[in-house]
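The structure appears right after this line, and notes come after that.
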Amino acid sequence: MSNEEAACPGPDGTAPVPGPGAKGPIVLRLLPWTGEGGRPCYLRTDGVDHTYMTRLADNFESVQLAMGLDLLDHVDKALEEGDLRETELRRIVTWLTEALRDAVHVAECRGERLALPPAEDAASRAADAVIDREIIR
């Protein structure tokens with residue numbers, strides 16, 4: 001059984017603190033929605049990734065990304081048709097801004113979960129060398 005709790009930071013902006021009854025390593029997952037005043041919300045778990053709240057957050061992220069893809073299709077069609085009025089362009093820009101904001105937030109949420117300590121095996125060292133040689137330099 002998982003010990004999980006969704007929480008938003010307090011008024012001082014600090015993240016929730018793990019409780020005394022938690023079992024296993026405490027993980028704070030940034031959620032794809034915000035709390036009061038636009039503050040980030042976190043899910044505190046004991047490291048279990050397959051709980052109701054983690055699945056809800058995963059599904060929420062998927063819906064946000066799918067809506068962004070649908071919006072891109074809509075915008076492509078509108079641009080192909082051409083002859084858009086200024087009000088239509090403003091509406092499209094507003095929608096695209098919201099979709100981009102959602103996509104960036106999803107990337108931040110997922111990026112925090114990917115922050116793993118570097119592996120010290122031969123394959124990881126070889127991959128790091130290729131990235132250093134081909135991408136960074």
Side-chain angles (χ1 to χ4, degrees):
M1 181 73 75
S2 174
N3 178 16
E4 69 177 5
E5 175 183 337
C8 295
D12 62 352
T14 59
V17 178
K23 298 175 184 161
I26 299 302
V27 176
L28 291 179
R29 174 184 174 167
L30 178 63
L31 293 172
W33 54 81
T34 57
E36 189 175 326
R39 291 192 175 119
C41 286
Y42 295 88
L43 177 64
R44 184 185 82 187
T45 72
D46 57 2
V48 177
D49 286 333
H50 304 292
T51 66
Y52 174 80
M53 287 299 294
T54 58
R55 288 182 181 157
L56 180 65
D58 290 342
N59 289 342
F60 196 91
E61 290 173 353
S62 294
V63 166
Q64 286 177 310
L65 295 176
M67 289 173 61
L69 289 173
D70 289 345
L71 177 59
L72 286 175
D73 288 341
H74 173 74
V75 170
D76 283 340
K77 289 175 187 170
L79 292 175
E80 284 175 11
E81 292 171 4
D83 199 30
L84 293 169
R85 293 185 307 235
E86 183 180 343
T87 56
E88 293 169 323
L89 286 173
R90 287 181 184 277
R91 187 175 315 129
I92 286 173
V93 168
T94 300
W95 292 338
L96 287 172
T97 301
E98 291 171 4
L100 181 58
R101 189 174 288 116
D102 287 345
V104 167
H105 190 73
V106 168
E108 289 171 345
C109 292
R110 293 182 176 181
E112 284 188 7
R113 294 194 313 268
L114 295 176
L116 302 172
E120 294 300 325
D121 59 5
S124 295
R125 286 190 296 276
D128 288 342
V130 169
I131 290 171
D132 286 343
R133 183 179 67 240
E134 302 296 329
I135 297 173
I136 296 176
R137 294 182 192 176

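No hydrogens, no waters, no symmetry mates; every other heavy atom, side chains included, goes into these values.
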Subject >> Met53 with Phe60, same ILVMFWY side-chain cluster at under 4.5 Å >> reply: yes
Original post:
Are Val63 and Leu31 grouped together when hydrophobic residues (ILVMFWY) are joined by side-chain heavy atoms under 4.5 angstrom apart?
Top reply: no
**OP:** May I ask you to test the Ile92-Leu79 pair for a side-chain heavy-atom distance under 4.5 Å?
**Re:** no
Subject >> Partner residues of Arg90 under the salt bridge (Lys or Arg N to Asp or Glu O under 4.0 Å) criterion, sequence neighbours left out >> reply: Glu86
Subject >> Side-chain (His105) to main-chain (Glu61) donor-acceptor, under 3.5 angstrom >> reply: no
Atom pairs and distances, donor-acceptor, side-chain atoms in residues 64-78, under 3.5 Å, two or more places apart:
{"unit_1": "Gln64", "atom_1": "NE2", "unit_2": "Pro32", "atom_2": "O", "d": "3.4"}

**OP:** Is it possible for you to say whether Leu96 and Leu89 belong to one hydrophobic cluster, with membership spreading through side-chain heavy-atom contacts below 4.5 Å?
**Re:** yes
Subject >> Shortest non-hydrogen contact from Arg29 toward Asp58 >> reply: NH2-OD1, 2.7 Å
Original post:
What is the minimum heavy-atom distance between Gly35 and Cys41, and which atoms define it?
Top reply: N-SG, 3.4 Å
Original post:
Is Val104 linked to Tyr42 within one hydrophobic cluster, defined over Ile, Leu, Val, Met, Phe, Trp and Tyr using a side-chain heavy-atom separation of less than 4.5 Å?
Top reply: no
